[in-house]
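Predicted model only: the values in this text are computed from it and were never measured.
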Protein chains: 2
Amino acid sequence: MTLIPHRTVASQLAVQLRGELAKGTWHGWLPSERVLSRTLQASRNTVRAALGQLKADGLIEPVRGLGNRVIGATHSTPAHDQAKTVGVLIPEPIGRLRPLIALWIDELKDLLVEEGYRLRIHEGRHYYQTNPARALERLIGQHPHSAWVLTLSSEAMQQWFVRRGAPCLVAGSTYPEVTLPHYDLDYRAICRHGAGVLLRLGHRRLALLNRESRRAGDVDSERGFLEGVHRSTHSDATADIAYHRDDVESVARALRPLLDRKNPPTALVVSNSYAYLSTASLLAQRGLRVPQDISLISRDDDPFLGSLVPAPTRYRVDPHTFAKKMLSLLLQVLKRTPALRSPALLLPKFTAGGSTCAPARGEG
Amino acid sequence: MTLIPHRTVASQLAVQLRGELAKGTWHGWLPSERVLSRTLQASRNTVRAALGQLKADGLIEPVRGLGNRVIGATHSTPAHDQAKTVGVLIPEPIGRLRPLIALWIDELKDLLVEEGYRLRIHEGRHYYQTNPARALERLIGQHPHSAWVLTLSSEAMQQWFVRRGAPCLVAGSTYPEVTLPHYDLDYRAICRHGAGVLLRLGHRRLALLNRESRRAGDVDSERGFLEGVHRSTHSDATADIAYHRDDVESVARALRPLLDRKNPPTALVVSNSYAYLSTASLLAQRGLRVPQDISLISRDDDPFLGSLVPAPTRYRVDPHTFAKKMLSLLLQVLKRTPALRSPALLLPKFTAGGSTCAPARGEG
DNA sequence: GCCGCTGGTTCAACAATAGGGCCAGCACTC
DNA sequence: GAGTGCTGGCCCTATTGTTGAACCAGCGGC
């Protein structure tokens, strides 16, 4: 079973118009949009959406007051028979990424196949270094994909793609002043909410175990967490932040000074579910019990968290909905639909687990 | 210029479905509306609208509780230009499978695309029930794939495929007297080796926390584990076996009687890395420390195990090599190469971690 | 200046679709 | 016989695509 590719009327019209252009139906100028709207029996808005795609392909050039000029068929539309591929940048082998990320990338791959595109995964730490220009320049020179998807992207990467003007979609948050289309979880809201949950339970010494990488989502997490604590009605509440690098050792290093204090925090919010695993097992090694001695919230979700005891209080995401949204945005990038405004962020569903409870008496 | 006739998605789907019916794609019953909705990537409402048109044409007849029956058209000319697709059977949504399994399936999918085949994933508990004949018959009637890949397959499934003679490859071990091509890890050798490692460390009361499902690989695990203990030079060594169902509660139920004994085991081998997570956190809840109080070995590997402290002693597999081997076997099945004898099993690499040590004095 | 045409932009109203939930009927397991 | 999990049938709401209209700025001819 093969899927029908272009479902919207606008896309169907674009296909049809492309065909007419190729046949040489019109010389010099296209019929006016109002005329096309009548003959094609579609509203002018819809016709304009179709014409927008042709314009993006360089087939026509609209001139205000005159009409849509047919661009010389000198080049046989190389943009059209270009290999329809999309590149995805990831920092690590897909097997080392969090399963949830692998899941939505996988699903996006399937969805793109149905649209006639192929997804190629490019993995490499060097794209994520402080000055990735060389590596990226070489990459997109070697792999002429129709568009790029950036996961876990750094600020330098995002800025490079803006400067370079290569069609791209950020899977994650963008940095201030970076105007790329993007889609992400609302980490700010998540961490603000998490702080509120812990405060309501009676905790007053909170800490966020955040990632050191300073990615946009992590910065947002930090902001949200601090907002949640400081804008609360509990002026005696304190918020600490410690940083890890996703590996066991760095989590241990981040955790140690917090726990060695005279008054250690009674509740932690942990970024990255791998780090949650490390945290939970490190606490167990120190003889601390979750949640009696310390409450835990996982900012991120992953299937394996469901096998832990107690079940982590966390924010659950459906990789399917994420992939669908990424697809629709990606198609906008690919078809260069003009009105590409990044949509609202995804707010995952809070799931109370057994890893949180009120602090021990005298501790709050 | 000709107008495009069917603009709504529902009409397009109706046209497409009519074509499939005429081709004789389906025998007896259409795929369920929910499945069609997924494969056609349209909402069930839209699919139902399309099916309504077919029903009005008398092509299908919906039966509540059963499905949409194909009327007449006893097309005995199926699969003329059969789509080159391969079906994979999995018991649960791919997101709930172990990440390592998802990884090799994903990689196999990519490899098959290069060979011109498409991989379709069919998920459902009912294919794994005690008598799956009905569900399987219906499945392969609805989805005429060129070959099938069985993961986590039960004995009844394997026997059904043998009887039915459908081209198929078992990703896993086969049961005795089932002569299907297959490829798997050598669980018997793994568990025999694991028992030997623990015995050499000085443990004498060992236990295997095995899966209840009695899948071929689990049966092999049990045999290998018992061999490892009983054929050792330590005649005082004991081997217990407890069963879990992959979920937290059943792991807890399996663990409790073992640990409540007067002389609980000092070392465990755990099947399924999710169960390893559950075990580790349940032990922590009881105040038992790994490895000082009890040693753990994970029979299975998965990326998230690397985030645990202490690092689990385990047997590591590379999903890439597994996928490559699966591809070559699958191509033999697809091309019906006569000499198809299943190759040697894959023996993963033993990796000593921090979760095993010699038993406490007086315990061994 | 006027007019009538062109594309560019915005808007509210509407229809199609997506994505749920809930129900009754059927087959299988326990 | 109770329980589970599938099926189609039906309902609801949110989102999205589409419509049809308005108004603007630019161009050419009168």
Salt-bridge present (Glu92(B), Arg125(B); N to O < 4.0 Å):
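Yes, Glu92(B) and Arg125(B) are salt-bridged.
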Hey, does Leu54(A) have a side-chain heavy atom less than 4.5 Å from the side chain of Asn68(A)?
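The answer is no; the side chains never approach within 4.5 Å.
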[X] side-chain proximity, nearest of [options]:
| X | options | answer |
| --- | --- | --- |
| Thr8(B) | dT18(D), dT17(C), dG8(D) | dT17(C) |
| Thr321(A) | dT18(D), dG8(D), dG20(C) | dG20(C) |
| Thr46(A) | dT7(D), dT18(D), dG26(D) | dT18(D) |

Can you confirm whether or not the ring centre of His122(B) sits under 6.0 Å from the ring centre of Tyr127(B)?
no
Quick one: label [X] by what it contacts on the DNA or RNA (base, sugar-phosphate, nothing), any heavy atom closer than 4.0 Å.
| X | answer |
| --- | --- |
| Ala42(B) | sugar-phosphate |
| Arg48(A) | base |
| Thr130(B) | sugar-phosphate |
| Ala49(B) | nothing |

Does a side-chain N or O of [X] approach OP1 or OP2 of [N] to a distance below 4.0 Å, or not?
| X | N | answer |
| --- | --- | --- |
| Ser43(A) | dT19(D) | yes |
| Ser32(B) | dT7(D) | yes |
| Lys325(A) | dT16(D) | yes |

Could you check whether the rings of His193(A) and Tyr315(A) sit parallel, tilted or perpendicular, using 30° and 60° as the cut-offs?
perpendicular
Quick one: the side chain of Arg44(B) and the base of dG9(D), do they pair up donor-acceptor inside 3.5 Å?
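Indeed, a donor on one side and an acceptor on the other fall under 3.5 Å apart.
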Can you tell me whether the side chain of Asn45(B) and the base of dC11(D) have a donor-acceptor pair closer than 3.5 Å?
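Yes, a donor-acceptor pair under 3.5 Å.
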Pick the nucleotide of DNA chain D nearest each of Gly65(A) and His126(B); which residue has the one closer to the 5' end?
His126(B)
